[in-house]
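Take a look at the structure below.
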Amino acid sequence: MATCPECEGAINLKDDVQQGEIVVCGDCGVDLEVISITPTITLALAPQEAEDWGE
């Protein structure tokens, strides 16, 4: 279990969640990145993917 840094909603995570994994908040829909898993699970806003505009 973790808390969304955007809306502070509770997020249920799988037992095998990995550092660097992207998860979605069920309450606000924002993409979050798992920053660390020990000693507690820490989430942060996932970096936005930049458009390459066909380059």
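The first residue in the sequence is number 1, and the count goes up from there.
Judged by distance alone, with hydrogens and angles left aside, the side-chain atoms of Q19 form no donor-acceptor pair with the main-chain N or O of I37 at under 3.5 Å.
Under the 4.5 Å side-chain criterion, counting only non-hydrogen atoms from C-beta, I22 is not in contact with L32. Looking at heavy atoms from C-beta onward, V34 lies out of side-chain contact with T42 at the 4.5 angstrom threshold. Within the 4.5 Å cutoff, side-chain heavy atoms of V30 are placed close to those of C4. The shortest distance between side-chain heavy atoms of D31 and L45 does not fall below 4.5 Å.
For E33 against G20, the heavy-atom pair with the smallest separation is OE2-CA, 3.9 Å. Between A44 and I35, the shortest heavy-atom distance links the atoms CB-CG1, 3.6 Å.
Taking CG of L13 as the start and CD1 of I41 as the end, the distance is 5.0 Å to the nearest 0.5 Å.
V17 and V24 fall into different hydrophobic clusters, where Ile, Leu, Val, Met, Phe, Trp and Tyr side chains are chained together by heavy-atom contacts under 4.5 Å.
In this structure, D16 places its CG atom where more than 12 heavy-atom neighbours from other residues, nucleotides or ligands lie under 6.0 Å away.
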